[in-house]
**Q** 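Before I ask anything, here is the structure I am working with.
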2 protein chains.
Amino acid sequence: MQVSVLPADVNLANCPSRVLLDHVTSRWGVLLLAVLLDAERMRFSALRRAVGGISEKMLAQTLQTLERDGLVLREARPVIPPHVDYSLTPLGREFAAQVWELTRLVERRLPRVVEARERYDTRNAEPSP
Amino acid sequence: MQVSVLPADVNLANCPSRVLLDHVTSRWGVLLLAVLLDAERMRFSALRRAVGGISEKMLAQTLQTLERDGLVLREARPVIPPHVDYSLTPLGREFAAQVWELTRLVERRLPRVVEARERYDTRNAEPSP
DNA sequence: CGGGATCCTCTATGATACTG
DNA sequence: CAGTATCATAGAGGATCCCG
């Protein structure tokens, strides 16, 4: 997550907006936002089960990134064993909703994309030897 | 227990929807869709200049991925030197528009995110030794 | 239970050179 | 001009162990 200040890197790919976009569209960011949008609040291990396949490291790391960006609220209750709740901030809900719209479009159009891929693969198939 | 709103195959990070989502939100995919949404049609080298900082390899690779998904139309005119035009398909325009909406939200809320980061970093600053 | 610290693997991306 | 092929590398992500 490096923010370059080099003049040579003045391109669209490394601007601050792009970094934030990467956070909310990252492999696990998308899924965490979706789960939290639906669930209001959830504990660490519940999130892990809900997302499925995410490692503890990536869950902690992604949650920290989203918390730092102000999209996720972390509430730790000082009890033993620890109890930590995660939820979306109002700002986070805005992003989650927008990402969710994109996700829905993806699902809605997936059949057409699959067809397109089949046509592409057929057209570009290796000529029979 | 499954989260109700989420279709079953969205819970996995490697489901087909997720692959398509990765394509349209990839580092260069977002930028190419944005540029093509604005330009209608563009040549390979024009795209390279418009995006800025992308290597030939990644440009070719990303364009091929989007073409295979049916989002980008590639038209090669058999002349010398080669002349190839890229444009969005109607399907591609749907995705580009949706991704663009997300990009606009990111830019609109970036100041708040930056503030949130500063608050986070201040709060979590190392205590003076 | 909710992480941190380490180590390690693999993938995305870049640099460079070549070609029809 | 519009790519392809090859090699190299940073960093994302996973596995494992540990701790309050």
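Each chain gets a letter, A, B and so on, in the order its sequence line appears, and its residues count up from 1.
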**Q** Figure out the CG/P separation between A:L47 and C:dG2, and round it to whole Å.
**A**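 Spelled out: CG on A:L47 to P on C:dG2 is 9 Å.
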**Q** Rounded to the nearest 0.5 Å, what separates atom CG in A:L59 from atom NZ in A:K57?
**A**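 NZ of A:K57 is found 13.0 Å from CG of A:L59.
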**Q** Rounded to whole angstroms, how far apart are CE on A:M58 and C1' on C:dC7?
**A**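 Rounding to the nearest Å, CE of A:M58 and C1' of C:dC7 are 16 Å apart.
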**Q** From CG of A:L59 over to P of C:dC1, roughly how many Å is that when rounded to an integer?
**A**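 Nearest whole value for this atom pair: 14 Å.
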**Q** Take the protein atom CD of B:E75 and the nucleotide atom C1' of D:dA2, then report the distance between them rounded to whole Å.
**A**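 Rounded to whole Å, this separation is 16 Å.
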**Q** Any donor-acceptor pair under 3.5 Å linking the side chain of A:R109 with the backbone of B:L91?
**A**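 Judged by distance alone, no pair lies under 3.5 Å.
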**Q** Given that A:K57 and B:F44 both sit by DNA chain D, which one's nearest nucleotide is further toward the 5' end?
**A**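 Nearest nucleotide further toward 5': that of B:F44.
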**Q** How is B:R74 classified with respect to the nucleic acid when contacts are heavy atoms under 4.0 Å: base, sugar-phosphate, or nothing?
**A**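 Sugar-phosphate only.
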**Q** Just compare C:dG3, C:dA17, C:dG14 and give me whichever is closest to any side-chain atom of B:E56.
**A**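 Nearest to the side-chain atoms of B:E56, counting from C-beta on, is C:dA17.
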**Q** Determine whether more than 12 heavy atoms belonging to other residues, nucleotides or ligands lie under 6.0 Å from atom CZ of B:R104.
**A**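 No, CZ of B:R104 has 12 or fewer neighbouring heavy atoms, counting only those of other groups under 6.0 Å.
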**Q** Could you state the CH2-C1' distance from B:W28 to C:dT11, rounded to the nearest angstrom?
**A**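 Atom CH2 in B:W28 sits about 17 Å away from atom C1' in C:dT11.
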**Q** Looking at the side chain of B:Q61, which of D:dA2, C:dG4, C:dT13 is the nearest nucleotide?
**A**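 From the listed options, C:dT13 comes nearest.
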**Q** Considering just the side-chain nitrogens and oxygens of A:S55, establish if one lies under 4.0 Å of OP1 or OP2 belonging to D:dA15.
**A**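 No, no such contact exists.
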**Q** Taking the side chain of B:R27 as heavy atoms from C-beta outward, which of D:dT4, C:dT13, D:dG13 is closest to it?
**A**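 Within the option list, the nearest is C:dT13.
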**Q** Quick one: on DNA chain C, does A:D85 or B:S26 contact a more 5' nucleotide (nearest heavy atom)?
**A**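 The answer here is A:D85.
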**Q** Are A:Y86 and C:dG3 close enough that a side-chain N or O sits under 4.0 Å from OP1 or OP2?
**A**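 It does, given that an N or O in the side chain of A:Y86 lies less than 4.0 Å from OP1 or OP2 of C:dG3.
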**Q** Tell me: CD1 of A:I54 to P of C:dG2, nearest whole Å?
**A**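 After rounding, the reported distance stands at 14 Å.
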**Q** To the nearest angstrom, how far is A:H83 atom NE2 from C:dG3 atom P?
**A**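 These atoms are roughly 11 Å apart.
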**Q** Report yes if a side-chain nitrogen or oxygen of A:Q64 is closer than 4.0 Å to either non-bridging phosphate oxygen (OP1 or OP2) of C:dG3; otherwise report no.
**A**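 No, A:Q64 has no side-chain N/O under 4.0 Å of OP1/OP2 on C:dG3.
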**Q** Count the heavy atoms belonging to other residues, nucleotides or ligands that lie under 6.0 Å from CZ of B:R93, then report whether that count exceeds 12.
**A**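 Above 12, so yes.
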**Q** Within the structure, does a side-chain N or O atom of B:R43 lie under 4.0 Å from either OP1 or OP2 of D:dC1?
**A**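 No, outside the criterion.
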**Q** Classify the nucleic acid contact of B:R77 as base, sugar-phosphate or nothing, counting any heavy atom under 4.0 Å across all strands shown.
**A**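 Nothing, no heavy atom under 4.0 Å.
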**Q** Which residue is it: A:R43, A:R41, A:R74, A:E75? I am looking for the one with a side-chain contact (heavy atoms from CB on, under 4.5 Å) to A:Y86.
**A**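 Exactly one option meets the side-chain contact (heavy atoms from CB on, under 4.5 Å) with A:Y86, and it is A:R74.
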**Q** In whole angstroms, how far is the C1' atom of D:dC19 from the CD1 atom of A:I80?
**A**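 For the pair A:I80 CD1 and D:dC19 C1', the rounded distance is 12 Å.
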